Amino acid sequence: FRFIAIATIIRCHSEGNYTTIFQMNNEKTVVAKSIKEYEDILAEHGFYRIHNSDLINLSHIKSYKKEDGGSVIMADDVQIEISRRRKDGFMELIHRKFL
């Protein structure tokens, strides 16, 4: 077993039935669980699924880009596109949390 502090998780990325958890200090862990399982666990801890394959920690967003439908730059400098279907929910959440 490996215990990961939620606050250290920057994002989770899905590839089929595997999820890679990206943490601070460039640590990453691959687990044999779907991203949906992590979405259910982490939603109440400030995470939002912005794309079918990506679940992000809102506390680790560095910036938001409006162009090309919208994307976020995360603390690890990775740019992630926001899906059209999830954009309205994301923007509403961001306005409530940060504005």
Side-chain angles (χ1 to χ4, degrees):
F1 289 100
R2 181 154 186 233
F3 294 93
I4 299 173
I6 291 173
T8 67
I9 299 171
I10 298 171
R11 59 192 176 89
C12 300
H13 178 77
S14 171
E15 293 180 27
N17 288 329
Y18 291 89
T19 299
T20 303
I21 300 171
F22 293 87
Q23 298 168 251
M24 307 286 287
N25 301 323
N26 295 319
E27 291 183 54
K28 65 181 178 179
T29 304
V30 178
V31 291
K33 290 189 179 211
S34 72
I35 198 165
K36 174 68 174 137
E37 292 180 63
Y38 289 100
E39 180 182 16
D40 293 341
I41 294 166
L42 297 172
E44 65 185 50
H45 297 283
F47 284 74
Y48 188 78
R49 192 164 174 185
I50 63 169
H51 196 276
N52 215 25
S53 301
D54 295 290
L55 176 68
I56 63 168
N57 185 338
L58 299 173
S59 298
H60 289 289
I61 296 174
K62 281 175 62 174
S63 62
Y64 166 74
K65 291 183 159 191
K66 278 177 89 169
E67 350 17 275
D68 301 325
S71 62
V72 292
I73 307 292
M74 300 304 295
D76 59 356
D77 293 320
V78 171
Q79 183 171 333
I80 303 170
E81 177 185 340
I82 302 167
S83 75
R84 284 189 194 113
R85 249 191 34 221
R86 299 180 191 265
K87 186 173 182 180
D88 289 341
F90 173 75
M91 295 307 293
E92 182 180 314
L93 187 61
I94 290 298
H95 283 286
R96 277 189 291 157
K97 185 169 176 76
F98 296 109
L99 300 176

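All values derive from a computational prediction rather than experimental measurement. Along the sequence shown, residues carry numbers from 1.
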**OP:** Enter the distance from K65:NZ to E81:CD here, rounded to the nearest 0.5 Å.
**Re:** 12.5 Å

Original post:
Please walk me through it: do I61 and M74 pass side-chain contact (heavy atoms from CB on, under 4.5 Å)?
Top reply: CA-CA 5 Å; I61 296 174; M74 300 304 295; 4.0 Å; yes

**OP:** First locate atom OG1 of T29, then atom CD of Q23, and finally report the distance between them rounded to the nearest 0.5 Å.
**Re:** 4.5 Å

Original post:
Does CG belonging to N26 count more than 12 external heavy atoms closer than 6.0 Å?
Top reply: no

Subject >> Joint cluster assignment, I80 & I73, ILVMFWY side-chain distance < 4.5 Å >> reply: no

Subject >> Side chains of D77 and K62 in contact at under 4.5 Å (non-hydrogen atoms) >> reply: yes

Original post:
Given a cutoff of under 4.5 Å between side-chain heavy atoms of I, L, V, M, F, W and Y, with clusters grown through shared members, what are the other residues clustered with I6?
Top reply: I4, I9, I21, V31, I35, Y38, I41, L42, F47, L55

**OP:** Could you grab the distance from atom NZ of K33 to atom OG of S14, nearest 0.5 Å is fine?
**Re:** 14.0 Å

Subject >> N52 atom CG, over 12 foreign heavy atoms within 6.0 Å >> reply: yes

Subject >> Shortest non-hydrogen contact between T19 and S34, atoms and distance >> reply: OG1-C, 3.4 Å

**OP:** Measure the CZ-CG distance between R11 and D76 for me, rounded to the nearest 0.5 Å.
**Re:** 4.5 Å

**OP:** Report the distance from atom CE of M91 to atom CD1 of I50, rounding to the nearest 0.5 Å.
**Re:** 11.5 Å

Original post:
Would you say Y64 and I94 are hydrophobically clustered, going by side-chain heavy atoms of ILVMFWY under 4.5 Å?
Top reply: yes

Subject >> Pairs meeting criterion side-chain hydrogen bond (donor to acceptor under 3.5 Å, both in side chains) with involvement of residues 42-51, two or more places apart >> reply: E39-R49

**OP:** Taking all heavy atoms of Q79 and all of S71, pick out the closest pair and write down the distance.
**Re:** NE2-OG, 2.9 Å

Original post:
Going from CG on N17 to CD on E37, what distance comes out if it is rounded to the nearest 0.5 angstrom?
Top reply: 9.0 Å

**OP:** Determine, step by step, whether N57 and I10 satisfy the side-chain contact (heavy atoms from CB on, under 4.5 Å) criterion, reporting the C-alpha distance in whole Å, the side-chain angles of both residues, the deciding distance to 0.1 Å, and the verdict.
**Re:** CA-CA 5 Å; N57 185 338; I10 298 171; 5.7 Å; no

